[in-house]
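Data block below; observations after.
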Amino acid sequence: QLVESGGGLVQAGGSLRLSCAASGRTYNSYAMGWFRQAPEKEREFVAAISWVRGTTDYADSTKGRYTISRDNAKNMAYLQMNSLKPEDTAVYYCAATEVPLLYYNTTFSRQEDYRYWGQGTQVSVSS
């Protein structure tokens, strides 16, 4: 089970830090990702982090402003969001997928690559 938290309302230019708490299993061998879905739009990739070494990948729209991280000891993933824009307004979802050892340093940006999903947390950015 994945549970997101940290969403809220913030002014443009502000920051938020989302957290994703994993429970029910150990997510140490899992790649993690964040996705978002704005009203009347399809869900899109935001950021991803590999199981080991913390290799990261970002969507062009979030690169340089967002930072994804994880703490395997705590079964947590995070998304630090800076310089927020009104177009960042969306429901943000945490996702996880178990990966074989061969892909220990691989990130995944496709929704279909992920098996487990959280319920989402709302992020609203006012202009």
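These numbers come from the heavy atoms of this one structure, side chains and all, not from hydrogens, waters or symmetry mates. None of these values were measured; they are calculated from a predicted model.
Hydrophobic clustering places Val52 together with Phe108 (ILVMFWY residues linked when any side-chain heavy atoms are closer than 4.5 Å, directly or through intermediates). Transitive grouping of hydrophobic side chains (ILVMFWY, heavy atoms separated by less than 4.5 Å) brings Val99 and Tyr104 into a common cluster. By the rule that hydrophobic residues join a cluster once side-chain heavy atoms approach within less than 4.5 Å of another member, Leu18 and Met76 end up as members of separate clusters.
Checked by atom type, the side-chain pair Asp113/Thr97 shows no donor-acceptor distance below 3.5 Å.
Side chain of Glu4 to backbone of Gln119: a donor-acceptor contact under 3.5 angstrom is found. Using modelled atom types, no side-chain atom of Tyr103 and backbone atom of Ser50 make a donor-acceptor pair closer than 3.5 Å. In this structure a side-chain-to-backbone donor-acceptor pair under 3.5 Å is present from Thr62 to Val46. Tyr78 places no side-chain N or O within 3.5 Å of a backbone atom of Asp71 that could act as its donor or acceptor partner.
Rounded to the nearest 0.5 angstrom, Met32 CE and Tyr114 OH are separated by 8.5 Å. Note that the OH atom of Tyr66 and the OH atom of Tyr58 stand 11.5 Å from one another [nearest 0.5 Å]. The CG atom of Asn82 lies 9.5 Å from the CG atom of Leu16; values are rounded to the nearest 0.5 Å. Rounding to the nearest 0.5 Å places OG1 of Thr89 at 9.0 Å from CZ of Arg36. The structure places SG of Cys94 at 4.5 Å from CG of Leu2, a figure rounded to the nearest 0.5 Å. Put simply, OH on Tyr30 and CG on Asn75 are 10.0 Å apart, with the number rounded to the nearest 0.5 Å.
Between Arg70 and Ile68 there is no side-chain heavy-atom pair separated by less than 4.5 Å. A heavy-atom distance below 4.5 Å is found between the side chains of Arg65 and Asp88.
Heavy-atom minimum distance, Trp34 versus Cys20: CZ2-CB, 3.7 Å. Pro86 and Ala12 make their closest contact through CD-CB, 4.1 Å (heavy atoms, listed as atom of the first residue, atom of the second, distance). Scanning both residues, Gln122 and Ser124, for their nearest heavy atoms gives NE2-OG, 3.3 Å. Minimum heavy-atom separation, Asp57 to Thr107: CB-OG1, 3.6 Å.
Shown here is Glu112, whose CD atom has more than 12 heavy atoms of other residues, nucleotides or ligands within 6.0 Å.
Between Lys63 and Asp60 there is a salt bridge, since a side-chain N of the basic residue sits under 4.0 Å from a carboxylate O of the acidic one.
The aromatic rings of Phe35 and Trp117 are tilted relative to each other, their planes meeting at an angle between 30° and 60°.
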